[in-house]
Engineer: 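If you scroll down you'll find the structure; I have some questions about it.
Below, read A as the first sequence line, B as the second, and so on, with proteins coming before strands; counting in each chain starts at 1. Because only heavy atoms are used, hydrogens play no part in the values below, and waters and symmetry mates are left out as well, while side chains stay in.
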Amino acid sequence: GAGVSQSPSNKVTEKGKDVELRCDPISGHTALYWYRQSLGQGLEFLIYFQGNSAPDKSGLPSDRFSAERTGGSVSTLTIQRTQQEDSAVYLCASSISGYRDTGELFFGEGSRLTVL
Amino acid sequence: DAKTTQPNSMESNEEEPVHLPCNHSTISGTDYIHWYRQLPSQGPEYVIHGLTSNVNNRMASLAIAEDRKSSTLILHRATLRDAAVYYCILSSRNQGGKLIFGQGTELSVKP
């Protein structure tokens, strides 16, 4: 498909387990963003990639959260030792170039994480 | 980050125009004004953006005040499909395209 693809679409895990969420951006998009949205809340910025580097990690809520991007394409968000407050929809977006502030962000459908 | 203020909710009738306001009194000269919307159970989608001049596209129009301290998103004929949360966001060059979402305006459309 031509859009941003995220997997899994749904993930249920037990407290204390690690989870990995994957994002496939639109081909050729150099900028990639992770957000999360708790139930009934707005979007919370987590991290931004330009190519494979992350110039802005300011939104990561704790050191249990990490993300990487390889080959300037796929990104993985990892949450270690999950807690119940991590339950949310994790959204990924990409844009042609993050340096162009007129760049439209294209969002995926999100990965819904439930921590029991 | 420059902040925006929007009403929590608005109602509209189908096939009537809708004017969604946004205040951004602390906007800087290089901040762009973006609008996104989020339909239920979906990721946000781009609606429109502008800097100083009014903008039109197939989805909507953006009217920007002369002092840029406020803007209005205009949906010319609301449909039931336009029911969504609408976010007004400012972005600047030094943010790498990052958008900081507020709470937005929940628009409901009545048939």
Engineer: Indicate, with yes or no, if the rings of A:Y35 and B:F101 have centres closer together than 6.0 Å.
Structural biologist: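 So the answer is yes for these two rings.
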Engineer: Heavy-atom count around B:E45 CD within 6.0 Å, excluding the residue itself: above 12?
Structural biologist: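 Yes, because the 6.0 Å sphere around CD of B:E45 holds more than 12 heavy atoms from other groups.
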Engineer: Measure distances from B:Q103 to the heavy atoms of chain A and classify the residue's part below 4.5 Å as side chain, backbone, both or neither.
Structural biologist: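 For B:Q103, side-chain heavy atoms alone lie under 4.5 Å from chain A.
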Engineer: Of the backbone (N, CA, C, O) and the side chain (C-beta and beyond), which part of A:L91 lies under 4.5 Å from a heavy atom of chain B, both, or neither?
Structural biologist: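 For A:L91, the contact with chain B is made by the side chain alone.
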Engineer: How long is the straight-line distance from OH of B:Y36 back to CG of A:L105, given to the nearest 0.5 Å?
Structural biologist: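 Here the interatomic distance stands at 4.5 Å.
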Engineer: Counting C-beta onward and ignoring hydrogens, is there a side-chain heavy-atom pair between A:Y33 and B:L99 closer than 4.5 Å?
Structural biologist: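 With C-beta onward as the side chain, the pair stays apart.
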Engineer: Between B:I27 and B:I48, is there a shared hydrophobic cluster once you connect ILVMFWY residues whose side-chain heavy atoms come closer than 4.5 Å?
Structural biologist: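 Same hydrophobic cluster.
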Engineer: Within the supplied structure, the quantity of interest is the number of heavy atoms (other residues, nucleotides, ligands) at a distance under 6.0 Å from A:L116 CG; does it exceed 12?
Structural biologist: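 Count over threshold, so yes.
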Engineer: Are A:L77 and A:V89 connected, step by step, through hydrophobic side chains (Ile, Leu, Val, Met, Phe, Trp, Tyr) whose heavy atoms are closer than 4.5 Å?
Structural biologist: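 Different clusters: A:L77 never reaches A:V89 through Ile, Leu, Val, Met, Phe, Trp or Tyr contacts under 4.5 Å.
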Engineer: Is there a path of hydrophobic side-chain contacts, each under 4.5 Å between heavy atoms of I, L, V, M, F, W or Y residues, that connects B:M59 with B:I74?
Structural biologist: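 Different clusters.
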Engineer: Would you tell me whether A:Q37 and B:Q38 have side-chain atoms, one donor and one acceptor, within less than 3.5 Å of each other?
Structural biologist: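 Judged by distance alone, the side chains do pair up.
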